[in-house]
Trainee: 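After the structure tokens below, expect a handful of questions from me.
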Amino acid sequence: ITAIIAVLGLLQQTVAFLPFARERLVASYLGQEGIEIVRNLRDNNKLQRLTWNQGLTSCGAGCEADYLSAARVSDAGRYLQIEGGFYQYAVGSATVFKRKIIITSLSADSLKVSVEVSWSEKGRSHSLKVQENLFNW
């Protein structure tokens, strides 16, 4: 009987942890996507023969960006929405996730890109941060 109670307790904890694990996984992908968006903007600048960091250095206080609009705004407080499997700001079903992209100039040829994804689950706030340096290649 004791073993059955222990197994049931472990099963209950596992079931309770699953939504958090799923949300943390989504948050990690959204963080990586934020870095990829900035990398894509840098690459497009190069392809269009613009300054490599044009439009990127204005995100010191935090910006929003998604692949569909590639728009950046200075206020990064909106919730992401999901439509057709894509996270975006324009249309879709509301999610619990917010993403803030902060870009800091390290030198004339390098930027630090930090992405913070935050969400709430069962009344508790969570956040995940990822960071990468981008260079003028």
Side-chain angles (χ1 to χ4, degrees):
I1 294 257
T2 304
I4 292 172
I5 292 172
V7 168
L8 288 175
L10 181 62
L11 185 60
Q12 181 182 9
Q13 285 179 331
T14 302
V15 169
F17 182 72
L18 284 176
F20 173 73
R22 182 182 55 81
E23 289 171 348
R24 184 163 177 82
L25 181 63
V26 170
S28 68
Y29 285 134
L30 289 171
Q32 183 61 38
E33 181 185 59
I35 289 174
E36 293 298 328
I37 289 169
V38 175
R39 180 180 288 132
N40 190 18
L41 291 168
R42 179 212 49 193
D43 294 349
N44 282 334
N45 284 343
K46 279 295 223 184
L47 291 172
Q48 295 173 14
R49 292 188 163 82
L50 301 171
T51 307
W52 75 279
N53 60 355
Q54 185 170 327
L56 300 178
T57 56
S58 62
C59 286
C63 294
E64 299 175 339
D66 62 37
Y67 270 118
L68 298 176
S69 65
R72 297 173 307 281
V73 297
S74 59
D75 183 16
R78 295 185 295 169
Y79 286 94
L80 284 160
Q81 299 176 39
I82 188 165
E83 176 79 15
F86 292 98
Y87 287 86
Q88 57 187 312
Y89 292 101
V91 297
S93 302
T95 70
V96 296
F97 299 103
K98 291 182 181 182
R99 176 171 57 202
K100 180 168 64 170
I101 301 170
I102 298 172
I103 302 172
T104 308
S105 181
L106 298 175
S107 71
D109 290 322
S110 65
L111 298 172
K112 178 174 78 172
V113 181
S114 302
V115 181
E116 181 178 0
V117 179
S118 57
W119 73 99
S120 292
E121 173 259 337
K122 295 184 181 177
R124 293 177 43 195
S125 296
H126 304 280
S127 69
L128 180 131
K129 293 181 184 179
V130 294
Q131 176 179 305
E132 186 170 322
N133 292 346
L134 294 183
F135 299 93
N136 179 10
W137 45 269

Trainee: Working to the nearest 0.5 Å, report the span between CG of D43 and CH2 of W52.
Mentor: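 Rounded to the nearest 0.5 Å, the CG-CH2 separation comes to 11.0 Å.
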
Trainee: Verify the neighbour count for atom CZ of F86: are there more than 12 heavy atoms of other residues, nucleotides or ligands below 6.0 Å?
Mentor: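 No, not enclosed.
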
Trainee: As a quick check of understanding, evaluate side chain to side chain contact (heavy atoms under 4.5 Å, CB included) for W119 and L128, giving each step before the final call.
Mentor: CA-CA 9 Å; W119 73 99; L128 180 131; 4.1 Å; yes

Trainee: Count the heavy atoms of every other residue, nucleotide or ligand shown that sit under 6.0 Å from NZ of K46, and state whether that count exceeds 12.
Mentor: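 Yes, enclosed.
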
Trainee: Of V38, L106, I103, which meets side chain to side chain contact (heavy atoms under 4.5 Å, CB included) against L111?
Mentor: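 Per the side chain to side chain contact (heavy atoms under 4.5 Å, CB included) rule, the option paired with L111 is I103, out of V38, L106, I103.
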
Trainee: Does Y79 belong to the same Ile/Leu/Val/Met/Phe/Trp/Tyr cluster as L30, with side-chain heavy atoms less than 4.5 Å apart forming each link?
Mentor: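 No, Y79 does not connect to L30 through the hydrophobic network.
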
Trainee: If every non-hydrogen atom of R24 is compared with every non-hydrogen atom of S127, which pair is closest and at what distance?
Mentor: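 Shortest heavy-atom contact: NH1-O, 4.3 Å.
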
Trainee: Output, in order, the C-alpha distance, side-chain angles, deciding distance and verdict of side chain to side chain contact (heavy atoms under 4.5 Å, CB included) for R99 and I37.
Mentor: CA-CA 12 Å; R99 176 171 57 202; I37 289 169; 4.0 Å; yes

Trainee: When you group the ILVMFWY residues by side-chain heavy-atom contacts below 4.5 Å and let the links chain together, are I102 and Y89 in the same group?
Mentor: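 Unlinked, Y89 and I102 end up in two clusters.
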
Trainee: Is the side chain of S107 donor-acceptor paired with the backbone N or O of D109 at a distance under 3.5 Å, no angle test?
Mentor: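 Yes; judged by distance alone, with no hydrogens or angles, the pair exists.
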
Trainee: To the nearest 0.5 Å, how far apart are OG in S120 and NE2 in H126?
Mentor: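 That separation rounds to 7.5 Å.
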
Trainee: Quick check on the hydrophobic clustering: are Y87 and V96 connected, directly or via other members, by side-chain heavy-atom contacts under 4.5 Å?
Mentor: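 Cluster IDs for Y87 and V96 match.
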
Trainee: Please report the closest heavy-atom contact between W137 and R42, naming both atoms and the distance.
Mentor: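 Heavy atoms only, the tightest pair is NE1-CZ, 2.8 Å.
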
Trainee: With side chains defined as the heavy atoms from C-beta onward, is the minimum distance between V115 and E33 less than 4.5 Å?
Mentor: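 With C-beta onward as the side chain, the pair stays apart.
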
Trainee: Hydrophobic clustering (ILVMFWY, side-chain heavy atoms < 4.5 Å, transitive) - are I35 and L41 grouped together?
Mentor: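 Yes, because L41 and I35 connect within a single hydrophobic cluster, where side-chain heavy atoms sit under 4.5 Å apart.
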
Trainee: So do N53 and N136 actually touch side chain to side chain, heavy atoms under 4.5 Å?
Mentor: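 They are not in side-chain contact.
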
Trainee: One pair to check against side chain to side chain contact (heavy atoms under 4.5 Å, CB included): E64 and R78. What are the steps and the verdict?
Mentor: CA-CA 8 Å; E64 299 175 339; R78 295 185 295 169; 2.7 Å; yes

Trainee: Report the distance from atom CD of E83 to atom OG1 of T95, rounding to the nearest 0.5 Å.
Mentor: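 It comes to 12.5 Å.
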
Trainee: State, to 0.1 Å, how close Q131 and S114 come at their nearest heavy-atom pair, and which atoms those are.
Mentor: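 Heavy-atom minimum between the residues: OE1-OG, 3.6 Å.
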
Trainee: Could you check if a side-chain atom of Q54 sits within less than 4.5 angstrom of a side-chain atom of Q48, using non-hydrogen atoms only?
Mentor: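 No. Closest side-chain heavy atoms not under 4.5 Å.
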
Trainee: Just verifying a value: how many Å separate E116 CD and I101 CD1, rounded to the nearest 0.5 Å?
Mentor: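 Answer rounded to 0.5 Å: 12.0 Å.
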
Trainee: Measuring from N45:CG to L56:CG, what's the distance to the nearest 0.5 Å?
Mentor: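 Here the interatomic distance stands at 6.0 Å.
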
